[in-house]
Amino acid sequence: MPDTATVSSESFSGHAHVAAPPPAGVVVRHDWSLAEVRALYDQPLLELVHKAQTVHRAVFVDNKVQLCSLLSIKTGGCPEDCSYCPQAARYKTGVKAEKLMAVPEVLEAASKARAAGATRFCMGAAWREVKDGPQFDSVLEMVRGVRALGMEACATLGMLTESQAKRLREAGLSAYNHNLDTSPEHYGDIISTRTYEDRLRTLNRVREAGISVCCGGIIGMGESVDDRCNLLRTLANQEHHPESVPINALVAVEGTPLQSQQRVETVDMVRTIATARILMPQSMVRLSAGRQQMNEEAQLLCMMAGANSLFFGEKLLTTGNPEYTQDMALLEKAGIRPLEPRQEG
C-alpha cells in the first residue's frame, strides 16, 4: 500500500471521483453492523471529528474542496409523494410545473458555473422515472455539452432502465444521483410511491453501466438516531461505496407534510458527516441541502468532519443556497482551495 504522503489526488481533479487505493492505516469495510455505526456516531463530538479528520487527511492529501453547481432542468409536477419535496404535484408549495429547459439554456448555465469555479454540473429533473423520447434525447445532448466544457456531468432523473443507464454512459455522464433518503425502516413514513428496492435497482443499473454513483440521504425528517445510522450503514455495506455521498439537512417547505419539522442542529449534521467519512473513507462527502441555514462556523466544522464537496451558487433545485460571493469569501477566509476545472484531454 502507498504511504499516505504519496497518495495521488489526480483522479479527484475535475472528473468523476475514482478512489485511489486506501493508504496504510485506512480500512475500507462493507460489513458494518448497526451497533458499530451507532458506537461511532455516539462518540464525544471532538473525538469523532478528530478520527474523521485523520481518515480524511490520509486519503485526500491535498484537502481541496470540490465546488458543484446544480440546475433544475425540469421543475415541478412530479407525481411522487416524497414528504420533503416541494416539487410534488400533490402539495401546494408555490412551485409551478415547468417544461424541460432547452439545451442551449442549460449549457449556458453550465458555462457560467464553470467560470465561477465549479468542476461538477448537476442536472435535476422532477420525474418519477425517465421516459424514452425527445426529452431524454435532449438530456443526452446536455450531458455531451457539459462534458465538452471539461466538467463532470451529473444527473438525477428518477428511476432508470438498463438501456437508459447505458445511453447516459455513452453520452459521457460522469455520475448519477439517486438518494436512498433514509433508512429502510423509516422510508415508508416518507415515501409511498417508490420502494426502497426500486431505488436500489436503479443504483445497480447505474453501477453496471459504468457510471459513478452519487447516493446519500436527508436528516431531520423525524428519523431516530438508529435510522440515521442505518442509512449510513446501508450505503457503506454496498459492494462498492458510492463515489459521492451527499448529506442533506431537511429544508422544511410550507405545504409539504414535513413543513413543521424543526431544523437539524449543527451537531447532528457534523456527527452524520464524520460518521460517513469514517465508514466510506474514499468517497466524496458532499455538504448539500440545508447549508443556507448554517452559519460559517457550522459549515467549516462540517468540512473539518470530512465534507470535501459543496453545492454552491444561488439555488439548490428549488430551495435557496448561499450566494456565490459568500461561498468564495468563506473559502478564502478559511484558506481552503477548491479543485480546479480542467479541459478534457
Side-chain angles (χ1 to χ4, degrees), residues 1 4 7 19 22-61 63 65 179-187 215-238 241-250 261-291 293-310 334 336:
M1 291 185 181
T4 57
V7 175
V26 174
V27 178
V28 178
R29 290 177 52 187
H30 305 269
D31 60 350
W32 294 91
S33 69
L34 177 58
E36 288 176 310
V37 177
R38 183 66 191 261
L40 282 174
Y41 186 96
D42 285 340
Q43 290 179 90
L45 182 66
L46 297 184
E47 183 176 341
L48 174 61
V49 170
H50 174 69
K51 288 182 178 179
Q53 177 67 193
T54 300
V55 170
H56 180 81
R57 287 298 186 107
V59 177
F60 297 92
V61 179
N63 200 33
V65 171
N179 290 334
L180 293 179
D181 288 346
T182 189
S183 70
E185 294 77 13
H186 188 57
Y187 184 85
C215 185
I218 307 168
I219 67 170
M221 299 193 295
E223 75 281 355
S224 67
V225 174
D226 272 356
D227 285 322
R228 207 168 285 172
C229 291
N230 217 11
L231 165 66
L232 297 177
R233 174 179 172 268
T234 302
L235 293 168
N237 282 357
Q238 293 183 37
H241 291 165
E243 285 81 4
S244 301
V245 181
I247 303 296
N248 301 274
L250 175 70
Q261 283 293 321
Q262 295 297 309
R263 202 176 97 189
V264 170
E265 293 187 6
T266 296
V267 169
D268 294 328
M269 194 69 169
V270 172
R271 285 190 181 279
T272 304
I273 287 172
T275 305
R277 170 53 65 217
I278 294 169
L279 296 178
M280 295 166 279
Q282 298 165 291
S283 301
M284 300 290 282
V285 177
R286 304 190 186 277
L287 179 56
S288 302
R291 190 162 68 87
Q293 286 71 39
M294 297 181 182
N295 61 28
E296 291 186 345
E297 291 76 16
Q299 294 179 56
L300 290 172
L301 188 54
C302 287
M303 285 184 259
M304 186 180 295
N308 58 343
S309 179
L310 303 176
I336 297 173

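Just so it is clear, the structure is predicted and the values come from calculations on it, not from any experiment.
Summarising the geometry, atom NE2 belonging to H30 is positioned 12.5 Å from atom CG belonging to L235; distances are rounded to the nearest 0.5 Å. In this structure, the separation between CG on L48 and CG on L40 is 7.0 Å, given to the nearest 0.5 Å. Interatomic distance, CD1 of I247 versus CG of L231, reported as 7.0 Å (0.5 Å rounding). Here the OG atom belonging to S309 is positioned 10.5 Å from the CE atom belonging to M303, to the nearest 0.5 angstrom.
Residue pairs meeting the salt bridge (Lys or Arg N to Asp or Glu O under 4.0 Å) criterion with at least one partner in residues 276-285, sequence neighbours excluded, are absent.
For R263, the salt bridge (charged side-chain N to carboxylate O under 4.0 Å, His left out) test picks out no residue, with sequence neighbours left out. Evaluation of the side-chain hydrogen bond (donor to acceptor under 3.5 Å, both in side chains) rule for R228 yields Y41, E223 as partners, not counting sequence neighbours. Listed by chain and number, the residues in a side-chain contact (heavy atoms from CB on, under 4.5 Å) with D226 are L34, R38, S224 (sequence neighbours excluded). Listed by chain and residue number, V270, A298 satisfy the side-chain contact (heavy atoms from CB on, under 4.5 Å) test with T266 (two or more places apart in sequence, or in another chain). Among residues two or more places apart in sequence or in another chain, the side-chain contact (heavy atoms from CB on, under 4.5 Å) test is passed with E265 by D268. Contacts of H186 classified as ring-ring contact (aromatic ring centres under 6.0 Å, His included), with partners at least two apart in sequence or in another chain: none. For N230, the side-chain hydrogen bond (donor to acceptor under 3.5 Å, both in side chains) test picks out E185, R233, with sequence neighbours left out. Partners of E47 under the salt bridge (charged side-chain N to carboxylate O under 4.0 Å, His left out) rule, at least two apart in sequence or in another chain, are K51. A search for side-chain contact (heavy atoms from CB on, under 4.5 Å) contacts involving H50 returns T54, not counting sequence neighbours. When the ring-ring contact (aromatic ring centres under 6.0 Å, His included) test is applied to Y187, the partners found at least two apart in sequence or on another chain are Y196. Scanning for side-chain hydrogen bond (donor to acceptor under 3.5 Å, both in side chains) contacts around D31 gives R29, with sequence neighbours left out.
Within the 4.5 Å cutoff, the side chain of T275 has no heavy atoms near those of the C229 side chain. The shortest side-chain heavy-atom distance between N179 and N248 falls under the 4.5 Å cut-off. When side chains are defined from C-beta on, I336 counts as touching L300, because their heavy atoms get closer than 4.5 Å. Considering only heavy atoms from C-beta on, V285 stays 4.5 Å or farther from M280 through its side chain.
S244 places no side-chain N or O within 3.5 Å of a backbone atom of M284 that could act as its donor or acceptor partner. Proximity of a side-chain donor or acceptor of Q261 to a complementary backbone N or O of M221 within less than 3.5 Å is not detected. Remark: side-chain polar atoms of D181 are not paired, donor with acceptor, to backbone N or O of G217 under 3.5 angstrom. Between the side chain of N237 and the main chain of W32, a donor-acceptor pair closer than 3.5 Å is present.
The two residues A58 and V26 come nearest to each other via the heavy atoms CB-CG2, 3.8 Å. Here the closest heavy-atom approach between residue P281 and residue V55 is recorded as CB-CG1, 3.4 Å. Taking all atoms of both residues into account, the shortest heavy-atom contact from P242 to S283 is O-OG, 2.6 Å. When every heavy atom of D227 is checked against every heavy atom of S183, the shortest pair comes out as OD1-OG, 2.8 Å. The shortest heavy-atom contact between A236 and H241 is O-NE2, 2.8 Å. In this structure, V59 and P23 approach most closely via the heavy-atom pair CG2-CD, 4.0 Å.
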(message) Please determine whether side-chain contact (heavy atoms from CB on, under 4.5 Å) holds for the pair C215 and L180, giving the CA-CA distance in whole Å, both sets of side-chain angles, and the decisive distance to 0.1 Å.
(response) CA-CA 7 Å; C215 185; L180 293 179; 3.6 Å; yes
